[in-house]
There are 2 protein chains.
Amino acid sequence: MYLFMEKKAKNIKELAAVLGISVTTVSRVLNGKADKYRISPATGKKVLDAAREFNYYPNRIARGLRLEKTETLGLIIPDIANPFFSSIAKTIEFESRRHGYSLIFCDSLDDIQTETELLNLLASRKVDGIVLAPVGQSNKHLMDFLKRGIPLVIIDRHMPGIPIPYITTDNYSGAVDAMEYLVASGHRTIACIQGLRGISVNNDRVRGYRDVLIRNGIPVDNSLISGDDFGEENGYIQTRILMSREDPPTAIFALSNLISLGVLRAINETGLSIPDDISVVAFDDQPYSSFLASPMTTVDQPKEEIAKIAVKVLLDYIRNGSIDMDTGIMLKPKLIIRKSVKRITDRHDQAQRPHV
Amino acid sequence: MYLFMEKKAKNIKELAAVLGISVTTVSRVLNGKADKYRISPATGKKVLDAAREFNYYPNRIARGLRLEKTETLGLIIPDIANPFFSSIAKTIEFESRRHGYSLIFCDSLDDIQTETELLNLLASRKVDGIVLAPVGQSNKHLMDFLKRGIPLVIIDRHMPGIPIPYITTDNYSGAVDAMEYLVASGHRTIACIQGLRGISVNNDRVRGYRDVLIRNGIPVDNSLISGDDFGEENGYIQTRILMSREDPPTAIFALSNLISLGVLRAINETGLSIPDDISVVAFDDQPYSSFLASPMTTVDQPKEEIAKIAVKVLLDYIRNGSIDMDTGIMLKPKLIIRKSVKRITDRHDQAQRPHV
DNA sequence: TTTATATGCACAAACGATTGTGCAAAAATA
DNA sequence: TATTTTTGCACAATCGTTTGTGCATATAAA
C-alpha cells in the first residue's frame with residue numbers, strides 16, 4: 001500500500017513541512033536566490049531534491065498574484081482557420097514559450113465588438129502583453145485600451161496615427177513586385193480584387209497596384225478595382241462580374257489568399273483556364289499554392305519573421321515598461337513565380353519600361 | 001484637467017473606498033450574490049453603476065487563487081499550422097469562451113517530450129481542464145498525468161486501455177467508405193500511404209483499407225501499404241517509390257491531407273495526371289481540395305463536431321469533478337466525391353460485390 | 001413597552017506564493 | 001575571553017479576491 005503512494009506536495013508549505021524548514025527558504029532556493037539570501041548549499045540541495053521527489057510545481061496563479069506578472073501573453077487573431085494566421089500563431093506560441101511565456105489565444109471572428117471584449121478579458125486576466133492582429137478600420141477601442149498601460153503590439157495591419165508599435169508586411173512593395181511582373185509579362189488590363197477598404201493592408205496594396213500602372217503609362221481604370229472583403233465569397237463574386245465584362249481583364253491580382261480561392265472557383269465554373277484564358281497573382285503564399293490546377297504565382301509574406309519580431313518587440317516592451325511608440329517595422333515580401341501568369345506578346349511596341 | 005482624468009478603480013478596494021462601503025459588499029454584488037447576502041437593491045445599484053463608471057474589472061488571477069479555479073482551459077495540439085487542427089482549435093476556442101473559459105494554447109510540435117512538459121506547464125498554471133490531441137504512441141506520460149486529477153479529454157486519437165475520455169473520427173468507417181468507392185470504381189491495385197504506425201488513427205484507417213479489399217475478394221498486398229508519417233515528405237517519397245514499381249497502383253489512398261500534398265508533388269514531377277494516370281483519395285477535406293489540379297475526393301472529418309463535443313465533455317467533467325472514463329465517442333466522417341478517381345472498366349467480369 | 005425576528009452590512013481569514021527585515025548562532029577578529 | 005562580523009534561516013506582510021460568521025439597527029410580534 002505504502003509503496004504505491006505517490007509522494008506529492010501540493011504547495012510550498014507541504015514541501016517545507018516535510019523538510020522541516022520554512023517556506024521562505026524553499027521559495028528562495030526554487031527561485032535561484034539561494035546565494036542572494038545565503039542559503040547553505042546543503043539546504044539548497046535538500047530542497048531541490050525534495051521538489052523533484054515530491055513532484056512539486058509552484059502554483060503560477062499565486063505567483064502571478066504576488067509578482068504582479070503572469071508570464072502570459074495574449075494573442076488575438078481574426079481567424080485562426082486562415083492559414084496565414086495559423087502559421088503566425090504557431091511561431092508566436094513557440095517564441096513565447098521559448099522565453100518562458102504561455103499564450104492565451106483568442107479568435108476575434110473578424111468582429112470588432114468581440115475584439116474589444118477580448119482585450120478587456122485579457123486585461124482582467126492580467127496578461128503581461130498582447131499581440132493583436134486587428135480587425136476593422138476603427139481604432140477608438142484601441143485608444144481606450146492604451147490607457148490601461150498593457151504592452152500591446154500590432155501585426156498584419158498598422159493603424160496610422162495611433163501610437164502602438166506594429167510589425168507588418170511591406171504590402172506596397174509586395175504589390176509593386178506582383179504588378180511589375182504582370183506588366184512585364186505583357187498584361188495591360190489587370191483587375192484588382194481588394195479586401196476591406198480603408199485599412200492599411202488594403203490601401204498599401206492598392207496603392208502599389210496603381211503606382212505600377214501609372215509608372216508604366218497604363219491608365220488606371222477604377223472599374224477594374226473591385227471588392228470589399230478579404231474572404232472567398234468576395235473573390236468569387238467579383239471574378240464573375242469581371243469576367244462578364246465586354247472587355248474582361250487578362251489578369252487578376254487577388255489581394256488575399258482567400259480571395260484567390262474565390263477567383264479559382266469562379267474561373268472553374270466559367271470553364272476558363274489559368275493561365276491561358278486569364279492570369280492570376282495572389283497575395284500570400286500557401287502550402288498548397290503549387291498544387292493548384294495551375295500552380296499559383298504568389299506574394300509570400302514573411303509570416304515567421306513577423307511573428308518572431310512581434311514577440312521580440314513585445315518582450316522588450318514588457319521588460320522596459322515602455323517602448324518607442326513609433327516603432328513600425330515593415331518586412332519585404334517575396335514574389336514566388338509559378339505558372340498562373342501567361343506571357344502575352346505585346347501588340348504595341350511598348351516603350352522601354354522604366355525600372356523601379 | 002480634472003475633466004480629462006479617467007475614473008478608474010484598479011481593484012475592488014478602491015472601488016469600495018469611493019463608495020464608502022466594504023469590499024465584501026462590493027464583491028457580493030458583483031458576483032450576483034446580492035440576494036443571498038441580503039444586500040439592499042439601492043446598494044446593489046450603486047455598486048453596479050460605480051463598477052461601470054470606474055471601469056472596474058476584477059483581477060481574475062486573484063479570483064482564481066481564492067476560488068481554486070481559473071476558468072481557463074488548456075489546448076495542446078501537434079501542429080496548429082495544419083488546417084485540420086487549426087480548424088478544430090478555432091471551434092474549441094469559440095466554444096470555451098462561450099462558456100466563460102479562456103484558452104491557453106500550446107503547440108507540441110509533434111514532439112512527445114514537449115507534450116509532457118506542456119501538460120505540466122498547464123497543470124502549474126492551474127487550468128481547469130485540458131483538451132489534448134496527443135502525439136506519439138506512448139501513453140506513459142498520460143498515465144502519470146492522470147494522477148494529478150486534472151480533467152483531460154483526448155481528441156483525434158484514442159489510446160486503447162487508458163482511462164481517458166476521447167472524441168475522434170470513426171476512422172475505420174471513413175477508410176471503408178473511401179475504399180468501397182475506389183473498388184466500386186473498378187480499382188484493384190490500390191496503394192495505401194499511411195501515417196505514424198501504431199496509433200489508433202492509423203490502425204483504424206489501415207484496417208478499413210484491408211477489410212474492404214478482403215471483403216471484395218482482392219488479395220491484400222502488403223507492399224502496397226507503405227509510409228510511416230503523416231507529413232508531406234512521406235507522401236512524396238512513398239509515391240515516388242510506388243510509381244516506379246513494375247506494377248504501379250491505379251489508385252492511392254492517402255491517409256492524411258499532408259500526405260496527399262506530397263502525393264500531388266510526386267505525381268506532378270513524374271508528369272502524370274490525376275485521375276487519368278492515377279487516382280487519389282485523401283483523408284481530411286480542406287478548403288482548397290476542390291481547387292486542386294483535379295478536385296480531390298476526400299474523407300471529410302467532422303472537425304467542428306469533434307471540437308464541440310470535446311468542450312462539452314470536458315466541461316461536464318470539470319463540473320462534476322468526474323466522468324465515466326469509458327466515454328469514447330467516434331463520429332462518422334463523410335466521403336466527398338470530386339474528380340480525382342477514374343472509373344475503370346473492369347477487364348474481368350467481376351462477381352457482384354457484396355454490400356456493406 | 002418588551003422581546004423576537006429580519007435586514008444590511010463589515011471583520012477577518014484564506015488561497016499560495018515572494019520578500020524586506022530581523023534575529024539567533026557560528027565564525028572571525030580583537 | 002569579549003566583541004564584531006558573517007552565516008543561515010524564519011516572521012509576517014503582501015498581492016486581490018471570496019465568504020463564514022457576527023454584530024448592529026430596524027421592523028414585527030407579543
Side-chain angles (χ1 to χ4, degrees), chain A residues 8-48 50-51 54-72 100 123-128 148, chain B residues 8-48 50-51 54-72 121 123-128 148:
Chain A
K8 283 207 211 184
K10 74 177 214 303
N11 59 31
I12 199 171
K13 211 190 239 166
E14 285 187 13
L15 194 60
V18 300
L19 284 169
I21 60 178
S22 76
V23 297
T24 305
T25 302
V26 175
S27 168
R28 284 176 170 150
V29 171
L30 260 25
N31 287 297
K33 302 195 173 165
D35 293 10
K36 183 176 170 197
Y37 289 104
R38 296 179 317 237
I39 314 288
S40 71
T43 309
K45 184 167 167 9
K46 265 200 329 195
V47 171
L48 258 16
F54 286 80
N55 224 273
Y56 169 72
Y57 289 84
N59 179 329
R60 307 198 53 154
I61 294 295
R63 197 159 191 274
L65 180 58
R66 172 63 224 247
L67 295 181
E68 300 189 330
K69 63 179 181 184
T70 52
E71 286 161 320
T72 304
S124 77
R125 287 192 178 273
K126 302 296 165 188
V127 296
D128 296 339
R148 309 185 72 139
Chain B
K8 282 207 216 187
K10 73 178 213 301
N11 58 31
I12 200 174
K13 212 191 235 163
E14 285 187 11
L15 194 60
V18 300
L19 284 169
I21 61 177
S22 77
V23 297
T24 305
T25 302
V26 176
S27 168
R28 283 176 171 148
V29 171
L30 261 25
N31 287 295
K33 303 197 173 164
D35 294 9
K36 182 176 170 195
Y37 289 103
R38 301 180 314 241
I39 313 289
S40 72
T43 309
K45 185 169 166 10
K46 265 199 334 195
V47 171
L48 258 15
F54 285 80
N55 223 270
Y56 169 72
Y57 289 84
N59 179 330
R60 308 199 50 152
I61 293 297
R63 194 156 193 277
L65 181 59
R66 173 63 226 244
L67 261 32
E68 300 190 326
K69 63 177 182 188
T70 53
E71 286 160 322
T72 304
L121 179 66
S124 77
R125 287 193 178 274
K126 303 292 163 190
V127 296
D128 296 339
R148 309 184 74 139

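This is a predicted model, so every value here is computed, not measured. Numbered from 1 within each chain, the chains take letters A, B, ... in sequence-line order. Hydrogens, waters and symmetry mates are skipped; everything else that's a heavy atom, side chains included, is used.
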**Fill in**
Residue pair B/Asn59/B/Lys36 against DNA chain D: nearer the 5' end by closest nucleotide is B/Asn59
**Prompt:** To the nearest 0.5 Å, how far apart are OG1 in B/Thr43 and CZ in B/Arg38?
**Reply:**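 Rounded to the nearest 0.5 Å, the OG1-CZ separation comes out at 13.0 Å.
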**Request:** Could you grab the distance from atom NZ of A/Lys8 to atom CZ of B/Arg148, nearest 0.5 Å is fine?
**Result:**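 Those atoms lie 7.5 Å apart.
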**Item:** Selection from D/dT19, D/dT18, D/dT14 that lies nearest to any side-chain heavy atom of B/Arg66
**Value:**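 Comparing D/dT19, D/dT18, D/dT14 against the side chain of B/Arg66, the answer is D/dT18.
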side-chain contact (heavy atoms from CB on, under 4.5 Å) with [X]: which residues, sequence neighbours excluded?
X       : value
A/Lys45 : A/Asp49
A/Lys13 : A/Asn11, A/Val23
A/Lys10 : A/Glu14
A/Thr24 : A/Ser22, A/Arg28

**Asked** Hey, where on DNA chain C does chain B first and last touch, going 5' to 3'? Cut-off is any atom under 4.0 Å from a heavy atom.
**Response** C/dT7 to C/dG16
**Request:** Starting from the C-alpha separation in whole Å, work towards a yes-or-no answer on side chain to side chain contact (heavy atoms under 4.5 Å, CB included) for A/Val47 and A/Ile21.
**Result:** CA-CA 9 Å; A/Val47 171; A/Ile21 60 178; 3.7 Å; yes
**Prompt:** Heavy atom of residues 24-33 of chain B under 4.0 Å from DNA chain D: which residues?
**Reply:** B/Thr24, B/Ser27, B/Arg28, B/Asn31, B/Lys33
Below 3.5 Å is the cut-off: list the nitrogen or oxygen pairs between protein and nucleotides 26-28 of chain D, distance only.
none

**Item:** Separation of D/dG16 C1' from A/Glu68 CD (nearest whole Å)
**Value:**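 The answer, rounded to whole Å, is 9 Å.
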Residues that [X] engages under side chain to side chain donor-acceptor pair (under 3.5 Å), provided they are two or more places apart:
X        : answer
A/Arg66  : none
B/Ser124 : none
A/Arg125 : B/Thr72, B/Ser102

**Complete:** The bend of the helix from C/dT1-D/dA30 to C/dA30-D/dT1, taken between the axes of its five terminal pairs at each end and rounded to 10°, is 60°
Please tabulate, for side-chain N and O atoms in residues 30-37 of chain B, each donor-acceptor pair with protein atoms closer than 3.5 Å (sequence neighbours left out).
{"from": "B/Asn31", "atom 1": "OD1", "to": "B/Arg63", "atom 2": "NH2", "distance (Å)": "3.0"}
{"from": "B/Asn31", "atom 1": "ND2", "to": "B/Ser27", "atom 2": "O", "distance (Å)": "2.8"}
{"from": "B/Asn31", "atom 1": "ND2", "to": "B/Ser27", "atom 2": "OG", "distance (Å)": "3.4"}

